[in-house]
Amino acid sequence: MVCMGQVNRFPGGGAWRILARGLGAGLVPVAPGPAGSLLALPLWYWGGGAGIVHFGALALLLTLSVPAIRAEMRETGKRDPSTAVIDEVCGMLLAATGIPWGAVPVLSIFLLFRLFDIVKFGPAAWMDAREGAVYVVADDLFAGLYANLAYRGVVWLAG
């Protein structure tokens, strides 16, 4: 409800929903999750996987992700709307943390993140079973952590 004299600049949570939808990536009809994951690639490239730009982007996205997803949940009536992909961006960016940009790391991290985002186990499965915007983001953060650790393990084993 808007009182007289006040202007509602974000009716229906419009700005939050745009952010939750990854500037439209969440509206991709076939695979919104992978489309959202791809949004993290320019941020990874720009930040290089470490440093103030990378961690600043990750912190900002994490801060904005919960209210954005909450707005998308409220408007769609779904507990984990497929149109909300900012959580994929956060998870993928976490997966890229500490890993330098390159063709092999990008492809590997992307595939590992998508695998762990689909096949949820451990804390990710527990988070996925809960309701609320925090849990929608958290299960993707665990997928990102799993992908990061799996990539590092493969690199370490490969020598």
Side-chain angles (χ1 to χ4, degrees), residues 13-50 53-73 75-155:
W16 287 119
R17 291 187 73 199
I18 290 168
L19 185 61
R21 292 174 173 189
L23 308 175
L27 300 175
V28 172
V30 176
S37 300
L38 290 172
L39 283 179
L41 296 183
L43 296 171
W44 181 7
Y45 176 77
W46 186 40
V53 172
H54 182 85
F55 289 109
L58 182 56
L60 179 63
L61 285 171
L62 286 171
T63 301
L64 298 175
S65 64
V66 171
I69 289 178
R70 189 175 294 127
E72 188 70 5
M73 290 170 70
E75 291 297 317
T76 63
K78 297 180 181 175
R79 70 179 280 278
D80 189 356
S82 61
T83 53
V85 296
I86 191 172
D87 53 330
E88 265 79 22
V89 179
C90 293
M92 181 71 182
L93 205 54
L94 181 62
T97 299
I99 299 173
W101 176 268
V104 171
V106 166
L107 183 60
S108 301
I109 288 292
F110 179 80
L111 293 174
L112 285 167
F113 175 70
R114 293 309 312 151
L115 172 70
F116 289 122
D117 191 32
I118 293 166
V119 181
K120 299 180 188 318
F121 66 92
W126 187 86
M127 297 290 176
D128 189 52
R130 303 296 177 270
E131 288 192 26
V134 170
Y135 298 111
V136 172
V137 176
D139 80 329
D140 287 281
L141 294 178
F142 274 101
L145 179 63
Y146 298 158
N148 185 289
L149 294 174
Y151 176 80
R152 289 173 185 277
V154 169
V155 167

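- Using a 4.5 Å heavy-atom cutoff, the side chains of Y135 and D80 are not in contact.
- For the atom pair CG of L141 and CG of L93, the computed distance is 10.5 Å after rounding to the nearest 0.5 Å.
- Under a cut-off of 6.0 angstrom, the local environment of CH2 in W101 is crowded, with over 12 non-hydrogen atoms contributed by other residues, nucleotides or ligands.
- The OG1 atom of T97 lies 9.5 Å from the CG atom of L145; values are rounded to the nearest 0.5 Å.
- The shortest non-hydrogen separation linking V85 to S82 is CG1-O, 3.9 Å.
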### Message
Run N148 and L94 through side-chain contact (heavy atoms from CB on, under 4.5 Å) and show every step you take.
### Response
CA-CA 8 Å; N148 185 289; L94 181 62; over 6 Å; no
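- Separating the CZ atom in F113 from the CD1 atom in I118 is a distance of 9.5 Å, to the nearest 0.5 Å.
- A parallel orientation is assigned to the rings of F121 and Y146, their planes being inclined by less than 30° (bins at 30° and 60°).
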### Message
Please evaluate residues D128 and F142 with respect to the criterion side-chain contact (heavy atoms from CB on, under 4.5 Å), reporting the C-alpha separation (whole Å), side-chain torsions for both, the decisive distance (0.1 Å), and the verdict.
### Response
CA-CA 10 Å; D128 189 52; F142 274 101; over 6 Å; no
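- Taken from OG1 in T83 to CZ in R21, the straight-line distance is 5.0 Å, to the nearest 0.5 Å.
- Between A68 and A20, the shortest heavy-atom distance links the atoms O-CB, 3.3 Å.
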### Steps toward side-chain contact (heavy atoms from CB on, under 4.5 Å) verdict (E72, L19)
CA-CA 9 Å; E72 188 70 5; L19 185 61; over 6 Å; no
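- Taking the side chain as every heavy atom from C-beta outward, C90 and L62 approach each other to under 4.5 Å.
- The CG atom of L43 sits 9.5 Å away from the CG atom of L60 when rounded to the nearest 0.5 Å.
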### Task
For the pair R17 and T76, evaluate side-chain contact (heavy atoms from CB on, under 4.5 Å) and give the outcome as yes or no after the intermediate values.
CA-CA 10 Å; R17 291 187 73 199; T76 63; 4.0 Å; yes
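- Across every non-hydrogen atom of G102 and P105, the tightest pair is O-CD, 3.3 Å.
- Counted within 6.0 Å of OH on Y45, heavy atoms from surrounding residues, nucleotides or ligands total 12 or fewer; the atom is thus considered open.
- The minimum heavy-atom distance linking P32 with G26 is given by the pair CB-O, 3.6 Å.
- Taking each heavy atom of M92 and S37 in turn, the nearest pair found is CG-O, 3.5 Å.
- Put simply, CG on L112 and CG on D117 are 12.0 Å apart, with the number rounded to the nearest 0.5 Å.
- The side-chain heavy atoms of V155 and I99, taken from C-beta on, include no pair separated by under 4.5 Å.
- Across all non-hydrogen atoms, the minimal contact from R79 to R130 is NH2-O, 2.9 Å.
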